[in-house]
Amino acid sequence: MNYLDQLDQMLDANFRIVSVETYDPERVTDLFTQLSRFSNKAFYMWENDQGLHRIGASHIKIPRTGPAKELLSHIEGSKHFGVYILRDFNDALEDEKNIQNLLKIASGDINKVVVLLSDFINLPKALKPFTLRSKHQMRQAG
């Protein structure tokens, strides 16, 4: 099974939050971009205070999605399925309101997947039952 198939299976699992820890987040981001080309799912990317954009249309920022609180309100309010990849979201996970918003997304009626992508993710205890966790390590060149 290749990496794209593994990512697709993770997104199709019955978890609304997926954490991906990797030493090479750029490579995983590239894999999500490849996956988005062959999928009927809508993929979105967020980086700290740069706002949310649909993968493949990075020049079009979605308004009021820069700060974490606005981003999570946007995701929660969306009426459509989407895969939301949040890069380096650890600082936002220290805020209880953000944790509560993620819990609302995880238990909402509309199926959405929030992917937390970073080299390390300090996942709050409250989110652990709702989260599929994955750790990817790259082989060291020898």
Side-chain angles (χ1 to χ4, degrees), residues 1-140:
M1 179 181 305
N2 68 36
Y3 290 124
L4 293 178
D5 290 337
Q6 288 176 348
L7 283 176
D8 201 31
Q9 283 185 350
M10 289 169 51
L11 299 176
D12 288 338
N14 289 322
F15 287 91
R16 303 265 182 99
I17 302 172
V18 175
S19 72
V20 179
E21 291 183 14
T22 178
Y23 294 117
D24 194 356
E26 289 300 323
R27 182 167 184 259
V28 175
T29 298
D30 289 344
L31 289 171
F32 275 116
T33 300
Q34 289 177 41
L35 185 61
S36 73
R37 292 181 186 135
F38 305 105
S39 175
N40 61 354
K41 299 175 177 87
F43 286 80
Y44 299 90
M45 176 67 67
W46 178 89
E47 292 186 69
N48 195 16
D49 290 326
Q50 292 183 20
L52 188 68
H53 67 271
R54 185 151 183 179
I55 290 181
S58 61
H59 60 287
I60 303 172
K61 302 291 182 197
I62 297 173
R64 294 177 298 285
T65 60
K69 287 179 182 157
E70 289 182 355
L71 166 75
L72 294 175
S73 292
H74 173 83
I75 294 171
E76 183 188 353
S78 174
K79 303 293 184 202
H80 305 285
F81 175 83
V83 177
Y84 299 89
I85 302 155
L86 314 182
R87 295 267 318 253
D88 301 320
F89 205 68
N90 278 325
D91 288 345
L93 293 176
E94 294 177 10
D95 186 322
E96 186 61 35
K97 181 146 176 66
N98 291 335
I99 295 168
Q100 292 304 314
N101 283 339
L102 282 167
L103 288 171
K104 287 180 189 175
I105 293 166
S107 59
D109 292 336
I110 298 171
N111 190 17
K112 304 165 196 167
V113 179
V114 173
V115 178
L116 305 172
L117 175 62
S118 188
D119 57 348
F120 172 77
I121 299 169
N122 189 13
L123 193 67
K125 187 177 182 180
L127 295 177
K128 288 182 180 181
F130 300 95
T131 305
L132 172 64
R133 299 186 79 179
S134 176
K135 292 186 181 193
H136 294 263
Q137 296 180 352
M138 306 306 294
R139 291 185 186 162
Q140 300 242 341

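The shown structure was predicted, so the numbers you read here are calculated from the model rather than taken from an experiment.
Counting only residues at least two apart or in different chains, ring-ring contact (aromatic ring centres under 6.0 Å, His included) contacts with residues 90-135 are absent. Sorted by first and then second residue, the side chain to side chain donor-acceptor pair (under 3.5 Å) pairs with a member in residues 60-77 read Lys69-Asp95; sequence neighbours excluded.
With a 4.5 Å cut-off on side-chain heavy atoms, Tyr3 and Gln34 do not count as touching. Side-chain contact between Val83 and Ile55 is absent, with no heavy-atom pair separated by less than 4.5 Å. Between Val113 and Phe15 there is no side-chain heavy-atom pair separated by less than 4.5 Å. No side-chain heavy atom of Ile110 sits under 4.5 Å from any side-chain heavy atom of His80.
When atom types are taken as modelled, the side chain of Asn90 and the backbone of Asn122 share a donor-acceptor pair closer than 3.5 angstrom. No donor-acceptor distance shorter than 3.5 angstrom exists from the side chain of Ser39 to the backbone of Ser36, with no hydrogens or angles considered. Arg54 places no side-chain N or O within 3.5 Å of a backbone atom of Ile60 that could act as its donor or acceptor partner. Under the 3.5 Å distance criterion, the side-chain polar atoms of Asn101 are left unmatched by any main-chain donor or acceptor of Leu72.
Around atom NZ of Lys41, more than 12 heavy atoms belonging to other residues, nucleotides or ligands sit under 6.0 Å away.
In terms of heavy-atom proximity, Pro124 sits nearest to Leu93 at CG-O, 3.6 Å. When every heavy atom of Ala68 is checked against every heavy atom of Trp46, the shortest pair comes out as N-CZ2, 4.3 Å. Smallest separation of non-hydrogen atoms from Ile75 and Lys112: O-NZ, 2.7 Å. Residues Thr29 and Leu117 share a closest heavy-atom pair of OG1-CD2, 3.4 Å.
Ring planes of Tyr44 and Tyr84: parallel class, angle under 30° (limits at 30 and 60°).
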**Prompt:** How far apart are the C-alpha atoms of Arg133 and Leu123, what are their side-chain angles, what is the distance that settles it, and do they pass the side chain to side chain contact (heavy atoms under 4.5 Å, CB included) test?
**Reply:** CA-CA 10 Å; Arg133 299 186 79 179; Leu123 193 67; 3.8 Å; yes
**Prompt:** side chain to side chain contact (heavy atoms under 4.5 Å, CB included) between Val115 and Met10: does it pass, once the steps are laid out?
**Reply:** CA-CA 10 Å; Val115 178; Met10 289 169 51; over 6 Å; no
**Asn2/Asp5 under side chain to side chain contact (heavy atoms under 4.5 Å, CB included): CA gap, chis, key distance, verdict** = CA-CA 5 Å; Asn2 68 36; Asp5 290 337; 3.4 Å; yes
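With rounding to the nearest 0.5 Å, the separation of OG1 in Thr22 from CG in Leu31 is 9.0 Å. To the nearest 0.5 Å, the span separating CG on Leu103 from CD1 on Ile99 amounts to 7.5 Å.
Defined by atom type and a distance below 3.5 Å, a donor-acceptor pair is missing between the side-chain atoms of Arg87 and Asn48.
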